[in-house]
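Each residue takes its place number in the sequence, starting with 1.
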Amino acid sequence: MIVSPVDLRALRAFLLAHTVAGLDTVEHLADGSSRHQRWVTGEGGPALLTVTLPALDVGTPTLAVDGPADAVRWALAAGHRWVGLDVDPSAGVSALAEDPVLGPLVRARPHLRVPGAADPFETAVLVVLGQHVSLAAGRRFAARLVASFGVGCPDGRHRFPGPALLASLDAVALQRAVGITASRANAVVALARAVVDRRLTLSSTADRRSTRGVLLDLPGVGPWTADLVALRCLRDPDVFLPGDLVLRRALGGVSAADAGDMARAWAPHRSLAVLHLWTDHALDPHR
């Protein structure tokens, strides 16, 4: 159940910035609202998930599922994670509203949420693809992966390839198909194999410390990737990414060490702080 309004403007900006061709479909409606669709797979089989955002700055998203009855509950839960309705930001808002750095951003957007992952494995793979490149470049890599290895759907779109499929790939073939570095291709395959072997669990119920350790043991996975997976897939409310270039710029061009020092004051709500800084500096700059 939605317990408070949602910052639709910020959510729309986030979803648009992370839209992957062939996987996500966005329709801008005549009344100014937007419709975001994707196929999800879980208990009960595949289902088409639709999130409609009204033409408002603040309001209530509408979620709908088209699929087998057994899939509806799971798909709706996936949708709630995707748009951040699974985490109530009110405690973080109260704690950060008077902070000298974050306070103006939080007071301007008190209903901003931390988006999660409709499919945690998919999101983890996309995070790996986005290492050390721009968000736009990461989306292009993701679109090529979906076009090459995605599972076809009745409407011509694709579902993201599952762990078993990606774990079976040769890293060189993946590198050539997607146009990524050998290191990144090896990381994607290693991530998929860790999930298939059950060494890695990507959900909000997973132990965060041990999961981070498993991620960091994978070839080509560093702290930025492990922390972003924790924020979006494990739903850790207290993640900060001190090396993130956008965050450092949002804080005035500080060093990674200084960014980490500044963020200590925002614990245990640093994930919400990250979204405020990303949103205000890059996704939807303050008006």
Side-chain angles (χ1 to χ4, degrees), residues 1-20 23-29 31-42 46-67 71-93 105-106 109-127 130 135 139 142 157 159-160 202-204 228-237 239 269 271-280 282-284:
M1 179 182 296
I2 302 171
V3 296
S4 66
V6 174
D7 190 320
L8 299 176
R9 183 183 174 99
L11 176 57
R12 195 183 336 264
F14 184 94
L15 294 182
L16 291 175
H18 292 81
T19 295
V20 175
L23 185 67
D24 302 297
T25 300
V26 180
E27 182 181 1
H28 296 280
L29 306 179
D31 63 358
S33 62
S34 58
R35 182 179 295 144
H36 307 256
Q37 286 188 323
R38 55 156 43 228
W39 285 86
V40 294
T41 305
L48 182 62
L49 172 65
T50 301
V51 175
T52 302
L53 304 182
L56 302 168
D57 282 358
V58 176
T60 303
T62 301
L63 278 65
V65 173
D66 183 10
V72 171
R73 174 180 291 185
W74 185 91
L76 284 175
H80 277 72
R81 291 195 308 271
W82 187 27
V83 299
L85 297 180
D86 59 326
V87 178
D88 184 353
S90 58
V93 172
L105 306 185
V106 174
R109 296 181 182 272
H111 304 295
L112 184 143
R113 301 260 177 162
V114 179
D119 179 338
F121 171 72
E122 170 201 311
T123 296
V125 172
L126 298 186
V127 170
L135 192 54
R139 290 202 314 269
R157 283 177 282 196
R159 287 182 283 127
F160 196 79
L202 298 169
S203 75
S204 60
L228 188 48
V229 168
L231 187 152
R232 295 202 59 200
C233 304
L234 307 187
R235 308 305 278 140
D236 187 337
V239 172
H269 307 289
S271 296
L272 183 61
V274 165
L275 262 295
H276 273 287
L277 292 167
W278 274 347
T279 301
D280 188 73
L283 298 177
D284 185 28

Measuring only between side-chain heavy atoms, which start at C-beta, is [X] closer than 4.5 Å to [Y]?
X    : Y    : value
V51  : L63  : yes
L272 : V106 : no
L275 : P115 : yes
V26  : L15  : no
L277 : L105 : yes
L16  : H36  : yes
F160 : L126 : yes
L53  : V83  : no

Nearest heavy-atom pair of [X] and [Y]: which atoms, and what distance?
X    : Y   : result
R235 : G84 : NH2-CA, 3.9 Å
A75  : A47 : CB-CB, 4.2 Å
P54  : P61 : CD-CA, 4.4 Å
A55  : S33 : CB-N, 3.6 Å

Under the 3.5 angstrom rule, does the side chain of [X] hit a backbone N or O of [Y] as a donor-acceptor pair?
X    : Y    : value
S271 : P237 : yes
R232 : A124 : no
R113 : P89  : no
T25  : Q37  : no
R81  : A117 : yes

- Query: Does a salt bridge link D284 with R109, judged by any charged N lying under 4.0 Å from a carboxylate O?
  - Reply: yes
- Task: Inspect the contact between R38 and D24 and indicate whether a charged nitrogen and a carboxylate oxygen are less than 4.0 angstrom apart.
- Result: yes
Nearest-0.5 Å distance that lies between atom [atom1] in [X] and atom [atom2] in [Y]:
X    : Y    : atom1 : atom2 : answer
R139 : L23  : CZ    : CG    : 12.5 Å
T41  : L49  : OG1   : CG    : 11.5 Å
R35  : T50  : CZ    : OG1   : 7.0 Å
L231 : T123 : CG    : OG1   : 11.0 Å
R12  : D7   : CZ    : CG    : 10.0 Å
D119 : W39  : CG    : CH2   : 15.0 Å

- Start with the C-alpha distance between W74 and V40, add both sets of side-chain angles, then the distance that settles side-chain contact (heavy atoms from CB on, under 4.5 Å), and finish with yes or no. CA-CA 9 Å; W74 185 91; V40 294; 3.8 Å; yes
